[in-house]
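Please read these numbers as outputs of a predicted model, since none were measured by experiment.
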Amino acid sequence: MFRILGVPLPEKSSVEVLTADVTEIRPLERRVDSVLRIEPPDSSGGFILAIEAQGRRDPDKAVSWAYYLSYLKAKYKCPALLIVVCQDKATADWAAGPFRLGPEGWTALSVHPLVLSPANVPVITAPDRAARNLALATFSAITHGSDQEAPAILEALARALNTADPESIAY
């Protein structure tokens, strides 16, 4: 059957029957850094956005991220996207994937995160610019947190927050 499907299988493989129950037997703590529901005004095309901060390569993340996206899709009954926020180019390049899950020669599942990093997030050091887009200013502070501009970015964000409405500040 594997030859018919085009999936390579070593000649002398052994086969073991496992339980078909995929219920979690023990509680596993799985937490996404942030989860947002994005809903357009006309209520069409909404999706879930999972946001993860990633400081270094982690070989276990591909499975975790696939789990998060599958779980969020099943729970909220709408598509889910993943944004990974990085502070350095090497981690950002790795985090962009794609991460292919499946046996050698066949991809059963593929994870393609969106990535924010110093390469594509602007440095925002002007309080008025930060005030116009608090979310972008926040991501500027996160992605450039280890840059020499970090203090100026944080100062601009703090000043912008001092002038923002309370609902935006809480968000």
Side-chain angles (χ1 to χ4, degrees), residues 24 27-101 107 109-171:
E24 294 283 345
L28 293 175
E29 185 170 328
R30 296 183 191 263
R31 293 187 191 274
V32 181
D33 292 332
S34 294
V35 178
L36 307 172
R37 182 191 302 268
I38 310 297
E39 195 69 49
D42 64 1
S43 297
S44 66
F47 61 94
I48 301 299
L49 184 62
I51 304 171
E52 279 275 274
Q54 190 66 36
R56 60 178 166 70
R57 294 182 110 163
D58 182 344
D60 296 331
K61 281 299 181 171
V63 173
S64 295
W65 291 341
Y67 177 88
Y68 298 161
L69 291 171
S70 297
Y71 176 83
L72 292 168
K73 165 72 172 148
K75 180 177 182 176
Y76 295 105
K77 308 286 189 255
C78 65
L81 289 175
L82 171 65
I83 291 181
V84 180
V85 182
C86 305
Q87 290 186 338
D88 66 88
K89 182 178 178 356
T91 304
D93 290 346
W94 164 81
F99 298 95
R100 290 175 171 66
L101 306 175
T107 300
L109 179 66
S110 185
V111 179
H112 299 257
L114 301 167
V115 178
L116 291 175
S117 73
N120 61 1
V121 176
V123 172
I124 298 178
T125 57
D128 61 327
R129 184 172 179 207
R132 285 193 302 272
N133 191 334
L134 290 173
L136 182 60
T138 301
F139 280 112
S140 180
I142 295 168
T143 58
H144 296 282
S146 59
D147 295 358
Q148 66 185 34
E149 294 97 346
I153 296 169
L154 290 172
E155 179 66 28
L157 180 57
R159 288 182 183 211
L161 288 171
N162 282 334
T163 63
D165 64 279
E167 188 174 311
S168 294
I169 293 170
Y171 171 74

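- R31 CZ: 12 or fewer foreign heavy atoms inside a 6.0 Å radius.
- L72 CG to K77 NZ: the interatomic distance, rounded to the nearest 0.5 Å, is 12.0 Å.
- The backbone N or O of V115 sits less than 3.5 Å from a side-chain atom of N120, completing a donor-acceptor pair.
- The heavy-atom pair separating C86 from P118 by the smallest distance is O-CD, 3.4 Å.
- Remark: N162 pairs with no residue by the side chain to side chain donor-acceptor pair (under 3.5 Å) rule, at least two apart or across chains.
- Contact of the C78 side chain with the I48 side chain is registered, since non-hydrogen atoms from C-beta on lie closer than 4.5 Å.
- Taking 4.5 Å as the limit, some side-chain heavy atom of W65 sits within range of a side-chain heavy atom of Q54.
- Applying the side chain to side chain donor-acceptor pair (under 3.5 Å) rule to D93 yields the partners K89; only residues at least two apart in sequence or on another chain are considered.
- By the neighbour-count criterion of 12 heavy atoms within 6.0 Å, atom OH of Y67 is densely surrounded, having more than that number from other residues, nucleotides or ligands.
- For the residue pair T125 and A152, the shortest heavy atom distance occurs at CG2-CB, 3.7 Å.
- Heavy atoms only, all atoms of each residue included: A50 and V32 are closest at CB-CG1, 3.7 Å.
- Y71 does not carry R30 over the face of its six-membered ring by the limits of under 6.0 Å from the centre and within 45° of the normal.
- Taking 4.5 Å as the limit, some side-chain heavy atom of V85 sits within range of a side-chain heavy atom of I51.
- A 4.5 Å side-chain heavy-atom check between V123 and I153 finds at least one atom pair inside the cut-off.
- Counting heavy atoms from C-beta on, the side chains of L114 and L116 never come closer than 4.5 Å.
- Taking each heavy atom of A160 and A131 in turn, the nearest pair found is CB-N, 3.5 Å.
- The NZ atom of K61 lies 9.0 Å from the CZ atom of R56; values are rounded to the nearest 0.5 Å.
- Across all their heavy atoms, E52 and D33 have their closest contact at OE2-N, 3.0 Å.
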Listed pairs under 3.5 Å, donor-acceptor, residues 136-145 side chains, sequence neighbours left out:
| unit_1 | atom_1 | unit_2 | atom_2 | d |
| --- | --- | --- | --- | --- |
| T138 | OG1 | L134 | O | 2.8 |
| S140 | OG | P122 | O | 2.8 |
| S140 | OG | I124 | N | 3.1 |
| T143 | OG1 | F139 | O | 2.8 |
| H144 | ND1 | D147 | OD2 | 2.6 |
| H144 | NE2 | V121 | O | 2.7 |

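- Counting heavy atoms from C-beta outward, I83 and L49 have side chains that approach closer than 4.5 Å.
- A156 and A130 make their closest contact through O-CB, 3.8 Å (heavy atoms, listed as atom of the first residue, atom of the second, distance).
- Aromatic ring orientation, F99 versus W94: perpendicular (interplanar angle above 60°, classes split at 30° and 60°).
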